[in-house]
Amino acid sequence: MGLDMYLLLEDIETGEIIEYSYYRKFNALQGYFEQNYNISNPGKILLKENIISDLYLRLNEIRYSPEKANLLLPSYPGPFFGSYEYDRLYHSYINQAAMDFYHAKFIDYKKYSLYYASDW
């Protein structure tokens with residue numbers, strides 16, 4: 001048991017779901033969605049351009065200014081949510097998510113919908 005999070009692509013025409021990205025116990029990302037979009041458990045929300053851009057900017061800022069992590073994407077407590085430290089693991093999640101959200105800016109949203117989903 002633990003926090004599992006996904007970015008899911010849905011083909012608008014066929015309804016097929018494709019796993020775009022997976023995160024395990026990246027509680028800061030879950031906290032962002034709980035605080036800003038009131039996501040439930042299990043939960044799924046449609047990612048619109050403004051959410052993708054906001055997250056990408058936050059993630060990229062943390063990559064280049066790690067001391068801002070606790071301000072831009074703070075760790076978030078929860079059951080089985082993993083470490084709350086701003087350590088190597090936290091920053092590896094930041095790097096992965098920054099790349100994922102960067103690439104998400106170039107998805108053909110006429111063909112696909114992108115969702116954030118989580119379960120714990």
Side-chain angles (χ1 to χ4, degrees):
M1 179 173 234
L3 177 60
D4 294 304
M5 300 115 62
Y6 305 87
L7 296 181
L8 302 171
L9 277 176
E10 180 181 32
D11 186 304
I12 292 171
E13 192 173 303
T14 67
E16 178 185 8
I17 303 289
I18 302 161
E19 185 179 305
Y20 181 78
S21 192
Y22 170 77
Y23 308 96
R24 174 101 174 128
K25 296 186 179 186
F26 184 12
N27 61 57
L29 187 61
Q30 178 67 18
Y32 173 87
F33 285 104
E34 283 190 30
Q35 292 177 332
N36 294 301
Y37 301 100
N38 199 27
I39 191 169
S40 58
N41 179 41
K44 180 174 153 181
I45 65 166
L46 177 65
L47 296 179
K48 301 212 181 230
E49 187 177 331
N50 63 322
I51 299 171
I52 293 166
S53 292
D54 180 49
L55 268 169
Y56 174 70
L57 290 172
R58 288 170 187 263
L59 293 160
N60 211 38
E61 179 81 15
I62 294 167
R63 288 172 74 193
Y64 295 103
S65 301
E67 69 278 2
K68 295 180 180 178
N70 65 327
L71 301 172
L72 296 171
L73 203 61
S75 61
Y76 188 76
F80 309 107
F81 274 24
S83 172
Y84 304 120
E85 302 297 319
Y86 300 101
D87 55 7
R88 180 178 287 156
L89 181 60
Y90 173 90
H91 288 285
S92 71
Y93 290 146
I94 293 294
N95 288 329
Q96 178 191 350
M99 289 185 290
D100 293 340
F101 281 91
Y102 172 77
H103 292 286
K105 295 180 350 172
F106 302 101
I107 292 171
D108 181 356
Y109 289 101
K110 292 179 182 142
K111 183 174 180 180
Y112 296 101
S113 294
L114 183 64
Y115 293 91
Y116 172 82
S118 65
D119 188 15
W120 68 89

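- Side-chain atoms of Leu9 and Ser113, non-hydrogen and from C-beta on, never get closer than 4.5 Å to each other.
- Using a 4.5 Å heavy-atom cutoff, the side chains of Phe33 and Leu47 are in contact.
- Partners of Lys105 under the side-chain contact (heavy atoms from CB on, under 4.5 Å) rule, at least two apart in sequence or in another chain, are Ile52, Tyr56, Tyr102.
- The shortest distance between side-chain heavy atoms of Tyr93 and Asn27 does not fall below 4.5 Å.
- Every residue meeting the ring pair (Phe, Tyr, Trp, His ring centres under 6.0 Å) condition with Tyr86, not counting sequence neighbours, appears here in chain and number order: Tyr90.
- Residues satisfying the ring pair (Phe, Tyr, Trp, His ring centres under 6.0 Å) test with Tyr115, not counting sequence neighbours, are none.
- Considering only residues two or more places apart in sequence or on other chains, Tyr22 meets the side-chain hydrogen bond (donor to acceptor under 3.5 Å, both in side chains) condition with Asp4.
- Residues Glu13 and Lys111 form no side-chain contact, since every pair of their non-hydrogen atoms from C-beta on lies 4.5 Å or further apart.
- How far NZ of Lys44 is from CG of Leu8: 6.5 Å, rounded to the nearest 0.5 Å.
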Got a list of side-chain donor-acceptor pairs under 3.5 Å for residues 57-69, not counting sequence neighbours?
| from | atom 1 | to | atom 2 | distance (Å) |
| --- | --- | --- | --- | --- |
| Arg58 | NE | Asp54 | OD1 | 3.3 |
| Arg58 | NE | Asp54 | OD2 | 3.1 |
| Arg58 | NH1 | Leu72 | O | 2.7 |
| Asn60 | OD1 | Arg63 | NH1 | 3.3 |
| Glu61 | OE2 | Lys68 | NZ | 2.6 |
| Arg63 | NE | Asn95 | OD1 | 3.2 |

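- Within the 4.5 Å cutoff, the side chain of Tyr116 has no heavy atoms near those of the Ile51 side chain.
- When the side-chain contact (heavy atoms from CB on, under 4.5 Å) test is applied to Gln96, the partners found at least two apart in sequence or on another chain are Ser21, Tyr23, Asp100.
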